[in-house]
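I have placed the structure first, in the form of structure tokens, so that the comments after it can refer back to it.
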Amino acid sequence: MASASAGSASAQASTSSVGGGHTPLLATGDWTKSLIQLAKTAELKKHALTLQLHTAHILSAHAALEQKNKAIQDLKEQKNKLESERSRLLNCLREVNEDRDKADIQEATLNKEVNDLQHKIKVISEGEYSVAKQDVDRLRQELGQPPLPSLQTTLEEKSAEYLKALRLQVDATSSSAGTKRAGEDLGADGQPVKRPRGRPKGSKNSKGKPKSASTPAPGSGSVPPT
């Protein structure tokens with residue numbers, strides 16, 4: 001009995017010692033408020049960093065959005081200019097097509113007229129002209145006269161006369177455009193100087209001969225050389 005009571009007493013003592021070692025410590029006073037404040041401050045910093053990160057992303061996206069909007073506006077302006085240029089070019093193309101169609105119609109009309117004239121020439125040449133030419137050549141031969149030139153020879157002569165007249169007209173136009181105005185000479189400074197009135201016609205061939213006192217123009221000492 002004594003040993004049992006001693007064992008129970010030792011067990012209670014050990015239990016009380018173990019229980020006394022795990023007793024929780026409770027924070028009291030200002031230290032609890034400070035701990036809560038620190039926890040909230042840490043949480044605030046965390047959320048503030050997250051907010052700053054999101055803000056930076058938003059600002060970057062906003063700057064990119066402004067650039068994109070500006071690029072879109074520039075593209076719209078460029079598109080409007082291109083559309084105006086396109087309309088102008090389409091109008092020009094339409095006018096060119098109309099002129100081309102008119103030219104095609106005129107060409108077709110002229111080709112038809114040329115074909116008609118060639119056919120007419122061929123019919124007359126091989127028909128009535130040939131018969132009349134044979135009769136005239138036969139009668140001229142009977143009268144001792146040479147035959148008339150052929151139709152081809154006559155056409156070549158007419159063509160040569162036309163080309164000669166055209167060439168003379170071109171030459172006359174070129175010569176009239178290249179000549180200087182009458183009554184003007186070039187002075188020492190290269191500027192045109194009017195010739196004095198009453199100048200003898202043969203003055204160019206009379207260089208070296210003494211000039212009369214009446215030859216110089218009024219107000220000048222001598223006639224400028226030509």
Side-chain angles (χ1 to χ4, degrees), residues 1-116 166 169-171 173-181 184-194:
M1 292 294 292
S3 61
S5 60
S8 61
S10 62
Q12 290 177 356
S14 61
T15 302
S16 62
S17 64
V18 172
H22 289 279
T23 301
L25 298 177
L26 297 178
T28 58
D30 294 338
W31 188 82
T32 304
K33 294 180 179 180
S34 299
L35 183 62
I36 295 173
Q37 188 72 20
L38 289 175
K40 290 182 177 181
T41 303
E43 185 177 4
L44 176 62
K45 290 182 179 180
K46 178 182 177 181
H47 289 295
L49 290 175
T50 304
L51 181 61
Q52 290 179 359
L53 182 62
H54 292 323
T55 302
H57 290 166
I58 291 174
L59 293 176
S60 177
H62 185 71
L65 179 62
E66 290 182 351
Q67 293 180 356
K68 299 298 181 182
N69 289 331
K70 185 177 182 302
I72 291 174
Q73 186 66 27
D74 294 340
L75 286 176
K76 287 182 178 179
E77 294 178 359
Q78 184 178 4
K79 185 178 178 181
N80 292 333
K81 293 180 181 179
L82 293 175
E83 186 66 24
S84 300
E85 185 69 13
R86 178 175 176 272
S87 300
R88 187 184 68 82
L89 292 176
L90 287 176
N91 290 331
C92 293
L93 180 61
R94 178 179 54 79
E95 294 176 357
V96 169
N97 289 332
E98 291 177 356
D99 294 340
R100 175 66 183 274
D101 293 339
K102 293 178 181 179
D104 290 339
I105 295 173
Q106 293 177 356
E107 183 181 7
T109 302
L110 291 175
N111 286 331
K112 184 178 181 301
E113 293 176 356
V114 167
N115 293 332
D116 293 342
L166 183 61
Q169 182 180 0
V170 173
D171 293 341
T173 304
S174 300
S175 61
S176 62
T179 54
K180 293 185 293 184
R181 292 186 302 171
E184 290 188 356
D185 279 337
L186 294 179
D189 55 353
Q191 298 296 327
V193 179
K194 292 185 178 180

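- Separation of atoms CZ (Arg88) and CG (Asn91) is listed at 9.5 Å; rounding is to 0.5 Å.
- Rounded to the nearest 0.5 Å, atoms CD (Gln78) and CG (Leu82) are 5.0 Å apart.
- Atom CG in Leu93 sits 10.0 Å away from atom CD in Glu95 (nearest 0.5 Å).
- No salt bridge links Lys40 with Glu43; every basic N to acidic carboxylate O contact stays at or beyond 4.0 Å.
- Within the model, atoms CG of Asn97 and NZ of Lys102 stand 12.0 Å from one another, a figure rounded to the nearest 0.5 Å.
- Atom OG of Ser60 is separated from atom CG of Leu65 by 11.0 Å, given to the nearest 0.5 angstrom.
- Applying the side-chain contact (heavy atoms from CB on, under 4.5 Å) criterion to Glu83, with sequence neighbours excluded, gives Arg86, Ser87.
- With values rounded to the nearest 0.5 angstrom, Ile105 atom CD1 is found 12.0 Å from Leu110 atom CG.
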Handout entry: Audit row: Ile72, Lys76, side-chain contact (heavy atoms from CB on, under 4.5 Å) steps and yes/no
Key = CA-CA 6 Å; Ile72 291 174; Lys76 287 182 178 179; 3.8 Å; yes
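- For the pair Glu85/Leu89, a side-chain contact is recorded, criterion being any heavy-atom separation below 4.5 Å from C-beta on.
- Within 6.0 Å of atom CD in Gln169, 12 or fewer heavy atoms from other residues, nucleotides or ligands are found, so the atom counts as exposed in its surroundings.
- A salt bridge links Arg94 with Glu98: the closest approach of a Lys/Arg side-chain nitrogen to an acidic carboxylate oxygen falls below 4.0 angstrom.
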